[in-house]
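Everything on this sheet refers to the single structure shown next.
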Amino acid sequence: MTDNVLIKVENLKKHYTGGVVKALDGINCEIKKGEVVVIVGPSGSGKSTFLRSLNLLEIPTSGKIFFDGVDITDKKTNINMHRQRMGMVFQHFNLFPNMNVLKNMTKAPMTLLKKSKEEAESKALELLDRVGLKDRADAYPSQLSGGQKQRVAIVRALCMEPEVMLFDEPTSALDPEMVGEVLDVMKNLAREGMTMVVVTHEMGFAKEVATRVIFMDEGKIIEENNPQDFFENPQNPRLKDFLSKVL
Amino acid sequence: MLDHIIGALMAFFERFKEVMIDGDRYKFLIDGLKNTFTITFGALAIGIILGILVAAIRTSFDKNREAMKLRGGAGYYVLAVLNGICKFYLTVTRGTPVVVQLMISYFVIFALADDGIPVAIFAFGINSGAYVAEIFRAGIMSIDHGQFEAGRSLGFNYFQTMRFIVIPQMFKAVLPTLCNEFIALLKETSVAGYVGVIDLTKAGNTIAGRTFEYFIPLLSVAVIYLVLVMILSWLVGILERRLRKSDR
């Protein structure tokens, strides 16, 4: 059972301004291979901070994060090697505007995984094909719509063949009619067995795809459960209150 | 009326010939212009190298101080000291007149030098480095932090992220400003005469001293600077439009 645990978080804390603001206040959590964990909660609850801590874009104040058995919060750990195995998708896409779509996707595998140009490009084109954007390989990010940008951002991360994908509100910056195309890509990814951690406000996605839903508030995990019980039978009053507002 | 104007013009050209052409005195200006170019390009080269170094240290410190403090290690203190040195350099260089820096370089630091041109290149280069550093720093800071995070999240280290993602975007953003710094530098070198260098301005002044005619040589100098700056500004304008086009 323990071999199955991909990410283990122990008593994670993130404090700002000398402890006055507690963005994360003692998080304990395990994420197993193949799980799709969706994190929900009111804004300012620390869910994005938690997600960004998992690949150390936020350096925690204290606590430990184990990725595949290695403590990545240890100063001696080479975080760059571990980030290669953790894909991340941002709210604002963050495609590189100075590179076309194909270069966006092949730069990292060619530089970091020492893949040949042909190998990296064929992999990239295959992934682009799967998200329906093969014909946009030569386009620059500024020529794409929001939904297209986010789909490229997802496959850019997949080009590194990560073991887990982290999604930080991937549909929040999209026009409503473009949310579906991005969620479809994520659903397919989940069906293929990718381990995913998703911060989102899309409750439909959580209900349909998640294997586990986590509710965070004030830097703590308040409740976690399978999606059915989570939405139909919430226990904590704060979760009940939250769900009554968003559903 | 027309006769008067033509007469005045004729007199002006006659005087111009006496002052500038006779005795090949215009050659002073050509030699001066060469020196002005040597100093400007040399100083710009030093300025850009120095600017990149200082901007790299300042931004690395600003971007990594929090993470480095939390992760510990000696790196933080090394970078903090380097950052302090850079700040001191920027304050002193931008806080004192370039003529004073030039004279200190020539009469104090390189008191044994007999050729003023390398000293002028050094002094203007150090001075320009401070301004170029701030141009680069502003450029790097203007790039969305998400770009940096996206690079790091793919597994690029700090320097790779800078090299492949941030710096190429930064260069595009600062190129017009950098060219304007070049134009400013070209005009600033006109004080090189203070340390015995015959630059364009000093050459004009020399002709004036020999002919006791100030108007024509100084007007010639002014026109040459003006034409050079106008050509450069025109080129910067073309460059800016090009860059904007590729932004679509």
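By convention in this document, chain letters (A, B, ...) are assigned in the order of the sequence lines, proteins followed by strands, and residues within each chain are numbered from 1. Below, each value reflects all heavy atoms present in this structure, side chains not excepted, and no hydrogens, waters or symmetry copies.
With chain B as the partner, the residue from Ala157(A), Ala153(A), Pro97(A) showing the most heavy-atom pairs under 4.5 Å is Pro97(A). For chain B, the option among Lys107(A), Met88(A), Arg156(A), Met160(A) with the highest count of heavy-atom pairs below 4.5 Å is Lys107(A). Counting heavy-atom pairs under 4.5 Å between each of Asn55(A), Thr61(A), Leu95(A) and chain B puts Leu95(A) at the top.
Within the 4.5 angstrom heavy-atom criterion, atoms from both the backbone and the side chain of Phe96(A) approach chain B. Only the side chain of Met99(A) has a heavy atom closer than 4.5 Å to any heavy atom of chain B. Interface residue Asp144(B): only side-chain heavy atoms are found under 4.5 Å from chain A. With a 4.5 Å cut-off on non-hydrogen atoms, Arg85(A) does not touch chain B at all. Contacts between Leu166(A) and chain B at a heavy-atom distance below 4.5 Å are absent for every atom of the residue.
Ring geometry, Phe37(B) versus Phe41(B): the interplanar angle falls from 30° to 60°, so the pair is classed tilted.
Side-chain contact check for Asp199(B) and Thr189(B): no donor-acceptor pair (N or O, by modelled atom type) lies under 3.5 Å.
Every residue two or more places apart in sequence or in another chain that forms a side chain to side chain contact (heavy atoms under 4.5 Å, CB included) with Met110(A) is listed here: Thr106(A), Lys117(A), Ala120(A).
A salt bridge does not link Lys123(A) to Glu126(A): none of the charged side-chain nitrogens sits closer than 4.0 Å to a carboxylate oxygen.
Centroid-to-centroid, the aromatic rings of Phe171(B) and Phe136(B) come within less than 6.0 Å.
Side chain of Gln148(A) to backbone of Gln143(A): no donor-acceptor contact under 3.5 angstrom is found.
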